S.K.: 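Quick one: the structure is below, questions incoming.
In this text, all values refer to a predicted model and were calculated from it rather than measured experimentally. The figures here come from the full heavy-atom set of this structure, side chains too, leaving out hydrogens, waters and symmetry mates.
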Amino acid sequence: LFTSACGIGAWLLLLIGAAPRPLIVLGGALLVETLIIFVITLRWKISVHCAAAAGAATLVWSLIGTPLPLIVGVPLIAWSRLRLQRHTLAQVVAGSVVGMAIFLGAFMVI
């Protein structure tokens, strides 16, 4: 709840401070990702690490044009979560899909 409240506050500061539109959209995407993960986690454990990694990798891919972080980084993080037995395969895949989908959607808005 604290993270969600901070995310709302940060996004409102971007709006009030007249930040550039792409920054407002990306801040909103982070907020949406946080809220979606929070709601899912109330019922089912989803990998926040994979969601964050996939979101960041999608951002890098969209900005510089290389999918390398998605191809290398996200699977490594997913593997580590599985190896440490913190998540199931479904949980890391779901986290990765949520992170990637939200940031792909953000770039469609920008």
S.K.: Quick check for you: to the nearest 0.5 Å, what is the distance between R83 atom CZ and L76 atom CG?
M.R.: 13.5 Å
S.K.: Taking a hydrophobic cluster as the set of Ile, Leu, Val, Met, Phe, Trp and Tyr residues connected by side-chain heavy atoms closer than 4.5 Å, whether directly or through intermediates, do I8 and F2 fall within one such cluster?
M.R.: no
S.K.: Residues two or more places apart in sequence or in another chain: which of them pass side chain to side chain contact (heavy atoms under 4.5 Å, CB included) with L104?
M.R.: T58, M100
S.K.: Measuring from C50:SG to I77:CD1, what's the distance to the nearest 0.5 Å?
M.R.: 6.5 Å
S.K.: For F38 and L1, run side-chain contact (heavy atoms from CB on, under 4.5 Å): C-alpha distance rounded to whole Å, both residues' side-chain angles, the deciding distance at 0.1 Å, then the answer.
M.R.: CA-CA 8 Å; F38 174 73; L1 289 174; 3.5 Å; yes
S.K.: So if you build clusters from Ile, Leu, Val, Met, Phe, Trp, Tyr with side-chain heavy-atom gaps below 4.5 Å, do V93 and I71 land together?
M.R.: no
S.K.: The criterion is side chain to side chain contact (heavy atoms under 4.5 Å, CB included); which residues satisfy it with A52, sequence neighbours excluded?
M.R.: none
S.K.: List, by chain and number, the other hydrophobic cluster members for I36, where Ile, Leu, Val, Met, Phe, Trp and Tyr join if side-chain heavy atoms come within less than 4.5 Å, directly or indirectly.
M.R.: V25, L26, L30, V32, I37, I40, W44, I46, V48, L59, V60, L63, I64, V98, I102, F103, F107, V109, I110
S.K.: Hydrophobic cluster membership, with links at side-chain heavy-atom distances under 4.5 Å among I/L/V/M/F/W/Y: are L14 and L12 in one?
M.R.: yes
S.K.: Quick one: are W61 and T66 in side-chain contact, heavy atoms under 4.5 Å?
M.R.: no
S.K.: Quick check: closest heavy atoms across A54 and L70, and the distance to 0.1 Å?
M.R.: O-CD2, 4.1 Å
S.K.: So does H87 have more than 12 non-hydrogen atoms from other groups sitting under 6.0 Å from NE2?
M.R.: yes
S.K.: Please name the pair of heavy atoms, one in I24 and one in A19, separated by the smallest distance, quoted to 0.1 Å.
M.R.: CD1-O, 3.3 Å
S.K.: Identify the two heavy atoms, one from G99 and one from E33, that lie closest to each other, and give their separation to 0.1 Å.
M.R.: CA-OE2, 3.2 Å
S.K.: Are L23 and L15 co-members of a hydrophobic cluster defined by side-chain heavy atoms under 4.5 Å apart?
M.R.: yes
S.K.: Does K45 use its side chain to pair, donor to acceptor, with the backbone of R86 at less than 3.5 Å?
M.R.: yes
S.K.: Would you say L31 ends up clustered with V39 if hydrophobic residues are merged whenever their side chains have heavy atoms under 4.5 Å apart, either directly or through other cluster members?
M.R.: no
